Amino acid sequence: MIQFISVYKTYGQGITSLSNINLAIKKGEFVFITGASGSGKTTLLKLLYCEERPTSGQILINRQAVDSLKISEIPYLRRRIGIIFQDFKLLSERTIFDNVAIPLEVLGLPREEIVKRVQDVLRKVRLHHRMEEKVSSLSGGEQQKVAVGRAIINDPMILLVDEPTGSLDSGSGDEIMEILRSVNARGTTIVVATHNRSLIKEGRAVVLEKGRIVS
Ligand SMILES: Nc1ncnc2c1ncn2[C@@H]1O[C@H](COP(=O)(O)OP(=O)(O)OP(=O)(O)O)[C@@H](O)[C@H]1O
Ligand SMILES: [Mg+2]
């Protein structure tokens, strides 16, 4: 489903973030990208989400080359990919409901359907009783769950997650991982970037070192 073929990413002059990446991820897999800070984990996710373009090489999603998509085609790809950013990127002055509803509003779905789907997803992440609260009043772990909700509201074929447990205590971290496992069990391919190797209890781990895959 996902293929990296001899992918390189260089920023400006000489900073090589990714070097000769060859990687295939099958539909329904749960894959961890791990490695030290600066090893290229976030860069790899950004290439999949077309937030950055590779300097050379090819990236295929369902046999479609996404490295050369036109700017106008990127939104269509992104409708099928959920992403949870390292810093969440939530609208902190809006409610939990509003944040999770955004991807559906972009699609112009009818209000009743939006309400129903947001409620369903918020039940999954156990925040349905708090949906009118502002994001700015939530803890880090709760905000992480809102970010999960927003990323899965469209039933994506691929879910990209950058440091799912970054600043969370181990209890909240376990809860997030449990939610990701249940999303994976319904068929979504999951790619998690993390420096925290203790999260890797199932699935496959790809280890990066200075932008290269070492195992
Ligand atoms: N926009 C950018 N411009 C220049 N260099 C960048 C840019 N983004 C990333 N880099 C460099 O690319 C390398 C890999 O960065 P990346 O963010 O992918 O690492 P990471 O593995 O996600 O690290 P962390 O665990 O700290 O999140 C680093 O050396 C970083 O400085
Ligand atoms: Mg990172």
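Quick caveat: nothing in here was measured; it's all calculated off a predicted structure. The analysis underlying the following values was restricted to heavy atoms, covering all of them including side chains, and did not include hydrogens, waters or symmetry mates. Just so you know, ligand 1 is whichever comes first in the structure, and atom 1 is the first atom listed for that ligand.
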Undergrad: Give a yes or no on whether Met1 and Ile21 share a hydrophobic cluster (residues Ile, Leu, Val, Met, Phe, Trp, Tyr; joining criterion: side-chain heavy atoms under 4.5 Å apart).
TA: yes

Undergrad: Show me the donor-acceptor pairs within less than 3.5 Å that the side chains of residues 175-185 make with the rest of the protein, sequence neighbours left out.
TA:
{"unit_1": "Glu175", "atom_1": "OE2", "unit_2": "Arg126", "atom_2": "NH1", "d": "3.2"}
{"unit_1": "Glu175", "atom_1": "OE2", "unit_2": "Lys145", "atom_2": "NZ", "d": "2.9"}
{"unit_1": "Glu178", "atom_1": "OE1", "unit_2": "Arg181", "atom_2": "NH2", "d": "3.4"}
{"unit_1": "Arg181", "atom_1": "NH1", "unit_2": "Glu202", "atom_2": "OE1", "d": "3.1"}
{"unit_1": "Arg181", "atom_1": "NH1", "unit_2": "Glu202", "atom_2": "OE2", "d": "3.4"}
{"unit_1": "Ser182", "atom_1": "OG", "unit_2": "Ile179", "atom_2": "O", "d": "2.9"}
{"unit_1": "Asn184", "atom_1": "ND2", "unit_2": "Gly28", "atom_2": "O", "d": "3.1"}
{"unit_1": "Asn184", "atom_1": "ND2", "unit_2": "Thr188", "atom_2": "O", "d": "2.9"}

Undergrad: Strictly by salt bridge (Lys or Arg N to Asp or Glu O under 4.0 Å), give each pair with a member in residues 155-165 just once, sequence neighbours left out.
TA: none

Undergrad: Within the protein, flag every N or O under 3.5 Å from an N or O of ligand 1, and note the pair and distance.
TA:
{"unit_1": "ligand 1", "atom_1": "12 (O)", "unit_2": "Ser17", "atom_2": "OG", "d": "2.4"}
{"unit_1": "ligand 1", "atom_1": "18 (O)", "unit_2": "Thr42", "atom_2": "N", "d": "3.4"}
{"unit_1": "ligand 1", "atom_1": "18 (O)", "unit_2": "Thr43", "atom_2": "N", "d": "2.9"}
{"unit_1": "ligand 1", "atom_1": "18 (O)", "unit_2": "Thr43", "atom_2": "OG1", "d": "2.6"}
{"unit_1": "ligand 1", "atom_1": "19 (O)", "unit_2": "Gly40", "atom_2": "N", "d": "3.4"}
{"unit_1": "ligand 1", "atom_1": "21 (O)", "unit_2": "Ser39", "atom_2": "N", "d": "3.2"}
{"unit_1": "ligand 1", "atom_1": "21 (O)", "unit_2": "Gly40", "atom_2": "N", "d": "3.1"}
{"unit_1": "ligand 1", "atom_1": "21 (O)", "unit_2": "Lys41", "atom_2": "N", "d": "3.0"}
{"unit_1": "ligand 1", "atom_1": "21 (O)", "unit_2": "Lys41", "atom_2": "NZ", "d": "2.9"}
{"unit_1": "ligand 1", "atom_1": "22 (O)", "unit_2": "Thr42", "atom_2": "N", "d": "2.9"}
{"unit_1": "ligand 1", "atom_1": "22 (O)", "unit_2": "Thr42", "atom_2": "OG1", "d": "2.7"}
{"unit_1": "ligand 1", "atom_1": "23 (O)", "unit_2": "Gly38", "atom_2": "N", "d": "2.8"}
{"unit_1": "ligand 1", "atom_1": "25 (O)", "unit_2": "Lys41", "atom_2": "NZ", "d": "2.7"}
{"unit_1": "ligand 1", "atom_1": "26 (O)", "unit_2": "Ser37", "atom_2": "OG", "d": "2.5"}
{"unit_1": "ligand 1", "atom_1": "27 (O)", "unit_2": "Gln86", "atom_2": "OE1", "d": "3.4"}
{"unit_1": "ligand 1", "atom_1": "27 (O)", "unit_2": "Gln86", "atom_2": "NE2", "d": "3.1"}

Undergrad: Any salt bridge between Arg117 and Asp120, counting N to O under 4.0 Å?
TA: no

Undergrad: Do any of the N, O or S atoms of Ser37 sit under 2.8 Å from the Mg ion (ligand 2)?
TA: no

Undergrad: Can you tell me which residue pairs pass the ring-ring contact (aromatic ring centres under 6.0 Å, His included) test with a partner in residues 14-57, sequence neighbours excluded?
TA: Phe30-Phe32

Undergrad: Tell me if the CZ atom of Arg63 is crowded by more than 12 foreign heavy atoms within 6.0 Å.
TA: no

